[in-house]
Amino acid sequence: MASLADYHGHMVNHVETLYQTGERELAIRFAEALGCTVVDSETAISTGSTILYAFPDPKEQDRLNNVLYISEIRPAQKALEDALKPLLHDAGPAAKAFGAYVHKALHHPHGTPHFGLRYPSFASLERTIDRLEEAFEHEFKGRARFSQIVRPNHGESMTGELIQAFVYTDILVSGLFSLGQLIELQAQEL
């Protein structure tokens, strides 16, 4: 099988994710719980920490393709998050809209911004789901959970070929921590 670097068509090649200050080890453990292999790039950023690579396939460690970049939140985003926090948690219209957004993400994740990780089979995804359910009760309690698991016989299933397991978290995000992050874990069997 050729490597992704040998593929010459269009593709999504990476997702940039962030973790909160002081939560580097938690972010690593979370990425590993998703089934990724985490490698330190040894490339320092402005916070003094280094960028991590999280590879969904441990045999394909191309730092430019099929990779999640994981690094510490930068001061500009931290300032924005701090400014938004009171608006999202008071009794005003922003807090009401925020609550509706989170409710949708938790109960009807389709159509909510997310990124997806692909698993090679239903069995491999089911093993990951089992591992995560345990971790969500202990190590990641209150920080990550399944919002919905859609198996082929589920009423919201788009096809009998997919399992879609949506994880909602604030441990790793590709946007704002205050909004949380949906990650779709997906397996396809034809």
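Both backbone and side-chain heavy atoms feed into the values below; hydrogens, waters and symmetry mates do not.
- Residues Thr17 and Phe115 meet the side-chain proximity criterion, which asks for heavy atoms closer than 4.5 Å.
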Test log, rule side chain to side chain contact (heavy atoms under 4.5 Å, CB included), inputs Gln188 and Arg118: CA-CA 8 Å; Gln188 179 181 11; Arg118 180 70 169 264; 2.6 Å; yes
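- Put simply, the side chain of Glu126 does not reach to within 4.5 Å of the side chain of Tyr119, judged on heavy atoms.
- For the side-chain hydrogen bond (donor to acceptor under 3.5 Å, both in side chains) condition, the pairs that include at least one residue of residues 129-147, sequence neighbours left out, are Glu23-Arg143, Arg29-Glu139, Thr128-Arg131, Glu134-His138, Arg143-Asp170.
- Across Ser121 and Ala187, no two heavy atoms sit closer than the pair O-CB, 3.4 Å.
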Ile183 vs Phe166, test: side chain to side chain contact (heavy atoms under 4.5 Å, CB included). Steps then yes/no. CA-CA 6 Å; Ile183 303 169; Phe166 291 90; over 6 Å; no
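- By the 4.5 Å heavy-atom criterion applied to side chains, Phe55 and Val38 are not counted as neighbours.
- Side chains of Ile70 and Leu18 form no contact here, defined as non-hydrogen atoms less than 4.5 Å apart.
- Residues Arg74 and Ser71 have side chains that bring a donor and an acceptor to within less than 3.5 angstrom of each other.
- Using a cut-off of 4.0 Å between Lys/Arg side-chain N and Asp/Glu carboxylate O, Arg24 and Asp40 are scored as salt-bridged.
- Using a distance-only test at 3.5 Å, with no hydrogens or angles considered, a donor-acceptor pair links the side chain of Gln181 to the main chain of Ser174.
- Taking both residues in full, the closest heavy atoms of Gln148 and His107 are given as NE2-O, 4.0 Å, listed atom of the first, atom of the second, then distance.
- For the pair Ala165 and Phe146, the tightest heavy-atom approach, listed with the atom from each and the gap, is CB-CE2, 3.8 Å.
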Check against side chain to side chain contact (heavy atoms under 4.5 Å, CB included), Arg151 and Ile129: CA-CA 12 Å; Arg151 292 183 173 88; Ile129 289 170; 4.1 Å; yes
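- The side-chain heavy atoms of Leu162 and Glu189, taken from C-beta on, include no pair separated by under 4.5 Å.
- His110 contributes no side-chain N or O that, together with a main-chain N or O of His108, makes up a donor-acceptor pair within less than 3.5 Å.
- A distance of 10.0 Å separates CG in Leu125 from CD in Gln164, rounded to the nearest 0.5 Å.
- Across all non-hydrogen atoms, the minimal contact from Pro109 to Ala105 is CB-O, 3.6 Å.
- No donor-acceptor contact under 3.5 angstrom links the side chains of Gln61 and Thr37, judged on distance only.
- Side-chain contact between Thr169 and Phe30 is present, with at least one heavy-atom pair separated by less than 4.5 Å.
- Scanning for side chain to side chain contact (heavy atoms under 4.5 Å, CB included) contacts around Leu179 gives Phe98, Tyr101, Leu176, with sequence neighbours left out.
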Derivation and outcome, side chain to side chain contact (heavy atoms under 4.5 Å, CB included), residues Ile45 and Thr50: CA-CA 6 Å; Ile45 60 172; Thr50 57; over 6 Å; no
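- No side-chain donor-acceptor contact under 3.5 Å links Gln186 to the backbone of Leu117.
- With no hydrogens or angles considered, a side-chain donor-acceptor pair links Thr47 and Glu72 at under 3.5 Å.
- In this structure, Pro113 and Leu182 have side chains that are not in contact, with every pair of non-hydrogen atoms separated by 4.5 Å or more.
- Residues Tyr69 and Tyr53 have side chains in contact (heavy-atom distance under 4.5 Å, counting atoms from C-beta outward).
- Contact record, Val67 with Asp62: CB-O, 4.1 Å, taken as the closest heavy-atom pair.
- Looking at every heavy atom in both residues, Pro58 comes nearest to Pro56 through CD-O, 3.7 Å.
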